[in-house]
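Here is the structure we will look at.
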Amino acid sequence: MLIATFNINGIKARIEALPRWLDASRPDVVCLQEIKSLDEAFPREVFEDMGYRVETHGQKSFNGVAILSRLPLEDVVRGLPGDTSDEQARWIEATVMAPRPIRVCGLYLPNGNPAPGPKYDYKLAWMARMEQRLRDLLATEEAFVCAGDYNVIPQAEDAARPELWADDALFLPQTRAAFRQMLNLGLTDAFRARVEGPGHYSFWDYQAGAWERNNGIRIDHLLLSPQAADRLTGAGIDKQVRAGDKPSDHVPVWIMLDD
DNA sequence: ATGTCCTTACCTTAAGGA
């Protein structure tokens, strides 16, 4: 089973590039971030006609996440549990009904810039809330994957020019510590379980010729529960998508799991 | 570290977010 995450930076702007990638890669499940659309405005028919079920958790203008799946989805949860006052659409979960079901969480973790400040406080609070959700999921001892835009550069090797990010909310020690704390619950960074070394990125800024200079960062991740990690057979980044027509600033990151 | 892109509100342009 092929599961991917893709921050599309607006469904309207990506209405050609996203189907093009789906046709080429044929993932079974895709977690989308930054759909920037209300649920009722999401062009679900485009993807249903391609054989996908569509579950969205959107909001106007900003944020918004979705899960596309060729397999049936059950028990959809919208919104990260733990704070009913949080109105930002950044989390969606569903169980993919394969022969061995797997819980899939799609997330768009807050950017947090500028740091310090209220936006960074929100990021750290959101990460603490996500950690609690991970603890609850781990307690079920079932297979799950948390796939999305984490807005976290885990290590210096995950940035082409780490010195540029020293004061950025994506790379501050507190950010990286909160991410590490999630891993240390017993989760696996799927990409790093399969690929070692520098030079692997999932985001290149539109500005300052970042793509042409390969000035990228790896911030889109799939974290696996132990039961999911047992089934991991491959992981990769679809870098070539960034060179296509009208690309997102992110590219898809994927894992292959035993069915 | 700003050479861009996306969205909305409201228009032939600007602001906010990333």
Side-chain angles (χ1 to χ4, degrees), chain A residues 5-21 31-44 46 56-66 80 86-91 106-127 130 147-154 156 158-176 178-179 201-221 238-253:
Chain A
T5 177
F6 190 4
N7 181 324
I8 56 173
N9 189 17
I11 186 58
K12 290 189 196 80
R14 231 54 64 201
I15 199 58
E16 292 183 11
L18 176 56
R20 193 188 312 140
W21 169 73
C31 296
L32 300 176
Q33 301 87 40
E34 287 204 87
I35 64 172
K36 297 186 177 178
S37 164
L38 292 166
D39 293 333
E40 55 268 34
F42 190 86
R44 56 170 47 247
V46 171
T56 60
H57 180 43
Q59 70 180 88
K60 198 180 182 72
S61 307
F62 306 118
N63 307 323
V65 288
L80 179 61
D86 185 359
E87 293 178 354
Q88 298 194 30
R90 297 180 174 277
W91 181 272
L107 66 120
Y108 176 47
L109 205 146
N111 176 293
N113 282 304
K119 292 191 174 181
Y120 193 57
D121 295 342
Y122 175 69
K123 177 177 194 155
L124 293 177
W126 202 96
M127 292 181 87
M130 177 171 166
D149 176 357
Y150 281 69
N151 272 311
V152 174
I153 303 167
D158 297 309
R161 300 184 58 190
E163 71 278 9
L164 297 180
W165 300 91
D167 300 320
D168 193 284
L170 280 62
F171 194 54
L172 283 173
Q174 245 188 308
T175 304
R176 297 164 59 203
F179 181 76
Y201 312 125
S202 65
F203 169 92
W204 294 260
D205 202 306
Y206 288 124
Q207 301 186 66
W211 168 247
E212 289 75 11
R213 294 161 190 251
N214 196 26
N215 180 15
I217 51 177
R218 191 176 71 92
I219 57 175
D220 298 273
H221 309 298
D238 284 352
K239 180 179 181 177
Q240 77 289 347
V241 171
R242 188 64 174 78
D245 286 340
K246 235 176 164 290
S248 170
D249 40 5
H250 296 250
V251 297
V253 182

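Sequence lines set the chain letters: A, B, ... in the order given, protein chains first and strands last, and positions in each chain run from 1. A quick note: this is a predicted structure, and the numbers were derived from the prediction, not measured.
Minimum heavy-atom separation, A/V253 to A/S202: CG2-CB, 3.8 Å.
Using a 30° and 60° split on the angle between ring planes, A/F179 and A/H221 fall in the tilted class, from 30° to 60°.
Using P as the reference atom, B/dG3 and B/dA9 are 28 Å apart when rounded to the nearest Å. Comparing the same atom, C1', in B/dG17 and in B/dT2 gives a spacing of 15 Å after rounding to whole Å. Comparing B/dT12 with B/dT8, their C1' atoms sit 16 Å apart, to the nearest whole Å. B/dC10 and B/dA15 are spaced 12 Å apart, taking the C1' atom of each and rounding to whole Å.
If you measure from atom NE2 of A/H250 to atom C1' of B/dG17, you get 12 Å, rounded to the nearest angstrom. With rounding to whole Å, A/L109 atom CG is found 12 Å from B/dA18 atom P. Taking atom CG of residue A/D205 and atom C1' of nucleotide B/dT2, one finds them 8 Å apart after rounding to whole Å. If you take CG of A/D249 and P of B/dG3, they are 17 Å apart, rounded to a whole angstrom. Nucleotide B/dG3 holds its P atom 15 Å from the CG atom of A/N215, rounded to whole Å. Rounding to whole angstrom units, CG of residue A/D168 and P of B/dT2 are separated by 13 Å. The interatomic distance linking A/I153 (CD1) with B/dA1 (P) rounds to 15 Å, in whole Å. Rounded to an integer number of Å, the gap from A/D149 CG to B/dA18 P is 10 Å.
When the shell of 6.0 Å around CD of A/Q240 is examined, it contains more than 12 heavy atoms from other residues, nucleotides or ligands. Remark: A/E163 CD is packed, more than 12 non-hydrogen atoms of other residues, nucleotides or ligands lying under 6.0 Å away. For A/D121, the CG atom counts as densely surrounded, since its 6.0 Å shell holds more than 12 non-hydrogen atoms of other residues, nucleotides or ligands.
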Point to revise | Verdict with supporting geometry, A/I8 and A/H250, side-chain contact (heavy atoms from CB on, under 4.5 Å) | key: CA-CA 7 Å; A/I8 56 173; A/H250 296 250; over 6 Å; no

Exercise for review: For the pair A/Y201 and A/N214, evaluate side-chain hydrogen bond (donor to acceptor under 3.5 Å, both in side chains) and give the outcome as yes or no after the intermediate values.
Suggested key: CA-CA 9 Å; A/Y201 312 125; A/N214 196 26; 5.3 Å; no

Check your understanding: Is there a side-chain contact (heavy atoms from CB on, under 4.5 Å) between A/I219 and A/N7 once you walk through the steps?
Key -> CA-CA 10 Å; A/I219 57 175; A/N7 181 324; over 6 Å; no

Exercise for review: In sequence, state the C-alpha distance, the side-chain angles, and the governing distance for A/K239 and A/W211, and then conclude on side-chain contact (heavy atoms from CB on, under 4.5 Å).
Suggested key: CA-CA 10 Å; A/K239 180 179 181 177; A/W211 168 247; 3.8 Å; yes

Check your understanding: Between A/I217 and A/F171, does a side-chain contact (heavy atoms from CB on, under 4.5 Å) hold up when you go through it step by step?
Key -> CA-CA 10 Å; A/I217 51 177; A/F171 194 54; over 6 Å; no

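In this structure, A/F203 reaches neither bases nor backbone, as no heavy-atom distance under 4.0 Å exists between it and the strands shown. Residue contacts shown for A/W204 are absent, as no nucleic acid heavy atom lies under 4.0 Å away.
For the pair A/G112 and A/R213, both in contact range of DNA chain B, the more 5′-proximal nearest nucleotide belongs to A/R213. With the nearest nucleotide of DNA chain B identified for both A/A210 and A/E34, A/A210 has the one nearer the 5' end.
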Pick out the pairs of N or O atoms, protein on one side and nucleotides 5-9 of chain B on the other, that lie under 3.5 Å.
unit_1: B/dC6; atom_1: OP1; unit_2: A/R14; atom_2: NH1; d: 3.0
unit_1: B/dC6; atom_1: OP1; unit_2: A/R14; atom_2: NH2; d: 3.3
unit_1: B/dC6; atom_1: OP1; unit_2: A/K246; atom_2: NZ; d: 3.4

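In DNA chain B, runs of at least 3 consecutive Watson-Crick or G-U pairs, each pair with both distances below 3.5 Å, span B:4-9 with B:13-18.
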